[in-house]
Amino acid sequence: MLLIVVGIINRINSHTVYSLKETSLTLEQAQEECPYLIITDSERLITEELMEMPDVQVALSEETDVILDKSLAQKLCNKRIPEFTVYDFSVLGRNVVLDGHYANNRSILTFNGNDFIRKTISYEKSKIFYENQNNEEIKKNTQYLNVIQSIFG
């Protein structure tokens, strides 16, 4: 009997599915819920400076995926946004990606030379992440566990 129960529990666990619910937010709502989500002038300045780096320009011209020396980005961040810690700095196709943390919250800045900046923030141990594109399109994504309709199907 115990083996049957364990088998059913294992079957149920193998069919758990998560989905995301996306909600649009105003700039004011975003500021209240996730203060680090707003793209600042300092971040815009850093993206401009990073775009001008020779290594970044070479990678962008070749449209290749390259992991760059994160210390280069961290030096700029220490001057402009000292509360940001850089973990990865890369070029992915036409985009430059700066991956790090603000106050223990994961933050990813993705940008390119066309005045495009997207900032994604996720809180540790949370099922929510926020995304801001140019301070114009702000979204909150909440992860939900879908209800299992059949444990055997």
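Computed over heavy atoms, backbone and side chain alike; hydrogens, waters and symmetry mates excluded.
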Let me check something: any side-chain donor-acceptor pairs from residues 52-60 under 3.5 Å, sequence neighbours excluded? List them with distances.
unit_1	atom_1	unit_2	atom_2	d
Gln57	NE2	Met51	O	2.3

Margin query: Could you tell me if the side chain of Cys34 sits less than 4.5 Å from the side chain of Asn132, heavy atoms only?
Written below: no
Item checked: Which atom of Leu50 lies closest to which atom of Leu76, heavy atoms considered -> CD2-CD1, 3.4 Å
Notebook entry, point to check: Is Glu62 atom CD crowded by more than 12 heavy atoms from other residues, nucleotides or ligands, each under 6.0 Å away?
Noted result: yes
Check: Would a hydrophobic clustering, with Ile, Leu, Val, Met, Phe, Trp and Tyr connected at side-chain separations under 4.5 Å, put Val97 with Leu68?
Finding: no
Checklist line | Ser71 backbone acceptor or donor facing Asp69 side chain under 3.5 Å | finding: yes
Item checked: Heavy-atom donor-acceptor pair, Asn141 side chain to Thr23 backbone, under 3.5 Å -> no
Note to self: Suppose the criterion is salt bridge (Lys or Arg N to Asp or Glu O under 4.0 Å): which pairs have a residue in residues 101-112, not counting sequence neighbours?
What the structure shows: Asp99-Arg106
Note to self: Using a 6.0 Å cut-off, check whether atom CG of Leu45 has over 12 heavy atoms from anything other than its own residue.
What the structure shows: yes
Checklist line | Heavy-atom closest contact (Leu37 atom, Lys119 atom, distance) | finding: O-CD, 3.3 Å
Note to self: With side chain to side chain contact (heavy atoms under 4.5 Å, CB included) as the test, pick out the partner of Asn135 among Ile39, Thr40, Ile117.
What the structure shows: Ile39
Check: Between CG of Asn95 and CG of Asp65, what distance do you get to the nearest 0.5 Å?
Finding: 10.0 Å
Compile the donor-acceptor pairs under 3.5 Å between side chains in residues 79-92 and protein atoms, sequence neighbours left out, one pair per line.
unit_1	atom_1	unit_2	atom_2	d
Arg80	NE	Glu49	OE1	3.4
Arg80	NE	Glu49	OE2	3.4
Arg80	NH2	Glu49	OE2	2.6

Item checked: The single option from Glu131, Glu33, Glu22 passing salt bridge (Lys or Arg N to Asp or Glu O under 4.0 Å) against Lys139 -> Glu22
Check: Does some side-chain heavy atom of Leu98 sit less than 4.5 Å from a side-chain heavy atom of Val96?
Finding: no
Check: Rounded to the nearest 0.5 Å, how far apart are NZ of Lys140 and CD1 of Ile121?
Finding: 14.5 Å
Margin query: Distance check, rounded to the nearest 0.5 Å: Glu43 atom CD versus Cys77 atom SG?
Written below: 8.5 Å
Check: Does one hydrophobic cluster hold both Tyr36 and Ile38, with members joined at side-chain heavy-atom distances below 4.5 Å?
Finding: yes
Margin query: Membership question, hydrophobic clusters at under 4.5 Å side-chain separation (ILVMFWY): are Ile128 and Ile108 in the same one?
Written below: no
Check: Got Leu27 and Gln31 here, is their nearest side-chain heavy-atom distance under 4.5 Å?
Finding: no
